[in-house]
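Below is one structure, written out as structure tokens; the observations come after it.
Residue indices begin at 1 and follow the sequence shown.
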Amino acid sequence: MHLLGPSLLLLEYLAFSDSAWNFRHPKTLYAWDGACVWIPCTYSSVKGGGHTLDNLTVYHNFTYDKKTKHYNGTILYNKSLKTKESTPSQERVQFLGNNRNNCTLLINPVKVNDSGLLGLRVTSGTDKWMASLNLSISESAPQPHIELHQEIREDQEVTVTCSLNFACRDYQVHLQWSLEGSVATSTILSPERVATQSHLSFQPKWTHDGKNLTCQLWDPMKQRILSEKTVLLEVKHPPKGVTTVIQNPTPIREGDSVTLSCTFNSSNPRVTRYNWNSPGSQDHTSQKLTIQKVTWDAQPVKCEACNQWCSWSPSVNLNVLYAPRDVNIQISPNTEIQSEKRVLLQCQYSSSRPADVHFFWKKDGSLLKEGKTLTFGQIFPEDSGTYHCLVNNSIGQTSSEAYELQVLYAPRRLRVSISPKDGVVEGKTAVLTCESDANPPISHYDWFDGKNQDLHYYGQMLRLEPVKLQHAGSYWCRGTNRLGQSQSPPTTLTVYYSAATISRRVALGVGFCLAIFLLAIWGVKLQRSWKRIQRQQGLQESSSGQSFFVRNLKARRTPQAERPASLGCYNPVMEDAVSYATLSFPLGETDTRRLRDAGSSEMREIPPSRDDRVTYAVVQNCQVADYENVTPEVLDDEGIHYSELVHFGNGKRALAQEGVEYVTLKH
């Protein structure tokens with residue numbers, strides 16, 4: 001609690017003083033017993049120029065008395081600044097400043113009991129101010145401090161600083177290093193800081209890693225080391241003789257599994273991963289590398305050990321043994337191959353380990369011969385096919401890619417195929433195809449019929465759609481490529497009647513026969529009609545000189561029940577269209593004789609009221625469905641009428657006269 005009062009008082013005065021004065025000096029100063037303390041101090045008046053200090057008093061471990069409003073403590077220095085007298089050099093505390101801006105002090109020598117709070121009491125007219133700072137005095141010199149401003153890396157220049165929070169012009173010291181390099185020493189005496197520094201610049205090697213670096217405080221007057229500081233150097237460097245080791249027994253064959261290991265001697269920091277330059281291998285980040293199936297062209301392998309940095313090992317050759325590679329066929333001439341020309345095939349390969357090899361040839365999968373070359377004195381189309389060249393050594397055998405040998409020749413073996421092959425029905429589709437054997441393929445076709453007439457069609461397929469009967473016959477084709485032409489033998493196209501044609505022709509025959517039959521019937525009817533007309537003309541001639549008249553009667557149609565059976569069926573639809581006529585003939589001599597021949601008994605049955613000389617005729621207009629069993633010969637002729645003529649005479653009618661005859665009357 002006794003420290004709280006002075007501290008609050010100090011803050012009070014500092015707050016007051018800040019309004020009039022501005023003092024700058026270190027907050028804490030360090031020294032050891034027997035050394036000196038240099039106190040750099042400056043001040044300025046807030047009110048501007050013209051203000052100077054009148055008096056300076058230096059207190060040691062001061063206190064403030066609230067009653068008397070004065071400071072109490074050990075006075076180390078007290079002097080009026082108005083006089084220009086200098087401080088005697090034999091005094092332990094010396095004022096090295098002035099009354100305008102410098103308030104620097106020197107305490108030489110200092111003692112251990114000088115440690116504590118040091119107060120600077122100044123006055124200027126009526127203004128008063130108290131500044132304070134701390135003194136830390138040890139019995140022996142403190143250790144210097146070594147600062148590494150950056151990470152130390154191999155072969156990268158680094159600067160290490162050794163600093164001591166002490167500097168006094170009346171007590172010289174030196175800082176020296178245990179490592180050779182470029183050294184720069186500096187002394188700092190400012191209101192902000194008091195210190196002595198030494199800067200060591202050097203280029204570290206990886207061999208410095210783990211070594212000690214010492215900074216010593218050297219007293220040149222007494223020729224002794226006052227204190228020292230040692231640090232352990234940690235030089236960062238990549239892994240160091242990194243080596244790739246093959247762990248497989250040699251020799252290595254293509255397809256073998258190979259294991260390699262990555263080793264090193266030194267690394268800081270420790271190795272955290274490994275890298276390998278071998279593609280297709282497994283686990284690229286471990287210390288060991290396994291290549292499951294090594295390739296024939298495996299490149300030299302090297303590994304990389306990494307911490308913050310990486311180091312590569314020298315490359316190691318695997319020297320893989322393999323079968324011959326890149327086997328291929330070369331042909332001479334290298335242009336198109338035409339039939340009956342000379343052709344040479346050669347087998348080539350790029351590399352082989354071991355180099356001792358043998359050659360073989362295959363055609364269409366069958367072994368042909370042994371040797372590097374295959375010669376055709378005269379090549380033919382039958383020599384076309386798929387060729388392979390095989391090369392082997394003690395490791396294995398390699399085949400070339402298939403080489404399709406194509407021999408060019410003019411068209412041959414032309415023929416015409418017809419689809420459908422067993423003939424085609426008229427109205428369907430027939431496809432004629434010109435099949436051939438040619439290389440290059442036929443580029444132009446010509447079609448001809450059995451009479452060698454050019455059909456002016458130039459495609460491979462001749463399509464007939466629809467097929468007609470006149471398409472039946474022979475056809476042949478001619479094919480042409482740039483090497484020549486050839487023609488096929490004729491092939492016959494058979495065309496069958498379609499069902500429609502057969503039906504049409506059958507119908508035509510039946511119709512013709514029916515027409516003949518109808519003509520025959522019509523002739524018979526015509527003959528009968530002619531005879532009837534002749535008979536009627538005979539009757540008319542026998543009644544020549546007699547006159548008759550026709551009286552048209554418009555009568556209502558007799559119901560069906562009251563009409564004679566000979567009149568047919570009643571059709572009420574046609575009721576208004578029925579007409580009746582009564583024809584009266586004078587009785588001639590011929591009629592009289594005919595009635596007499598009938599017998600007296602029949603004549604007695606005729607009612608006496610009847611006129612023996614009158615013949616009654618019923619004329620009726622017939623429409624469709626008017627009478628049953630009556631069909632007009634000409635359906636469109638509405639002027640056709642049918643009549644039933646019934647002759648009445650004296651006496652009973654003879655049986656031969658009961659027949660009904662029809663006469664056609666046209667209006």
Pick one: which of Asp449, Leu462, Ile418 meets side chain to side chain contact (heavy atoms under 4.5 Å, CB included) with Leu493? Ile418
What distance do Ile329 atom CD1 and Gln346 atom CD have between them, rounded to the nearest 0.5 Å? 11.0 Å
Heavy-atom closest pair (Gln487 atom, Trp476 atom, distance to 0.1 Å) is OE1-CZ3, 3.3 Å
NZ of Lys369: more than 12 outside heavy atoms within 6.0 angstrom? yes
Rounded to the nearest 0.5 Å, how far does NZ of Lys451 lie from CD of Gln453? 6.0 Å
Non-hydrogen side-chain atoms of Leu368 and Lys362 separated by less than 4.5 Å: no
Report yes or no: does Ser286 contribute a side-chain atom to a donor-acceptor pair with the main-chain N or O of Lys288 at less than 3.5 Å? yes
Going by distance alone, is a donor N or O of one side chain under 3.5 Å from an acceptor N or O of the other, for Asp297 and Thr295? yes
Kindly compute the distance separating NE2 (His471) from CD (Glu465), expressed to the nearest 0.5 Å. 11.5 Å
Please test Gln338 against Glu340 for side-chain hydrogen bond (donor to acceptor under 3.5 Å, both in side chains), starting from the C-alpha separation and ending with a verdict. CA-CA 6 Å; Gln338 297 186 10; Glu340 301 182 0; over 6 Å; no
List the atom of Ala410, the atom of Asn481, and the distance in Å for their closest heavy-atom pair. CA-OD1, 3.8 Å
Look up atom CD in Gln348 and atom OG in Ser400, then write down how far apart they are to the nearest 0.5 Å. 11.0 Å
Non-hydrogen atoms of Tyr409 and Ala438 that approach each other most closely: CE1-CA, 3.7 Å
If you draw a 6.0 Å radius around NZ in Lys341, do more than 12 non-hydrogen atoms from other residues or ligands fall strictly inside? no
Between Tyr349 and Asp326, is there a side-chain heavy-atom distance shorter than 4.5 Å? no
Donor-acceptor pair, side chain of Asn248 and main chain of Thr259, under 3.5 angstrom: yes
Just wondering, do Ser399 and Gln397 contact through their side chains at under 4.5 Å, heavy atoms? no
How far apart are the closest heavy atoms of Pro314 and Lys302, and which atoms are they? O-CB, 3.8 Å
Gap separating the OG1 atom of Thr272 from the CD atom of Gln308, nearest 0.5 angstrom: 9.0 Å
Taken in chain and number order and not counting sequence neighbours, the residues that satisfy ring pair (Phe, Tyr, Trp, His ring centres under 6.0 Å) with Trp296 are Tyr322
What I'd like to find out is whether the side chain of Leu260 reaches to under 4.5 Å of the side chain of Leu318, using heavy atoms alone. yes
Contact between Asp356 and Ser394 at the side-chain level, heavy atoms closer than 4.5 Å - yes or no? no
Angle between ring planes, Phe376 versus Tyr387, binned at 30° and 60°: parallel, tilted or perpendicular? perpendicular
Sub-4.5 Å side-chain heavy-atom contact between Tyr475 and Leu464: yes
Among Pro239, Ser267, Pro238, find the one that has a side chain to side chain contact (heavy atoms under 4.5 Å, CB included) with Trp309. Pro238
Does any part of the side chain of Leu344, heavy atoms only, come nearer than 4.5 Å to the side chain of Leu374, both counted from C-beta? no
Minimum-distance pair of heavy atoms, taken over all atoms of His444 and Tyr458: CE1-CD2, 3.5 Å
What's the shortest heavy-atom distance between Asn439 and Val407, and which atoms? ND2-O, 3.1 Å
Tell me, yes or no, whether the heavy-atom count around Glu382 atom CD, taken from other residues, nucleotides or ligands under 6.0 Å, exceeds 12. yes
So for atom OH, which belongs to Tyr497, do other residues, nucleotides or ligands contribute more than 12 heavy atoms lying within a distance under 6.0 Å? no
Any Thr373 side-chain heavy atom under 4.5 Å of Phe359 side chain: no
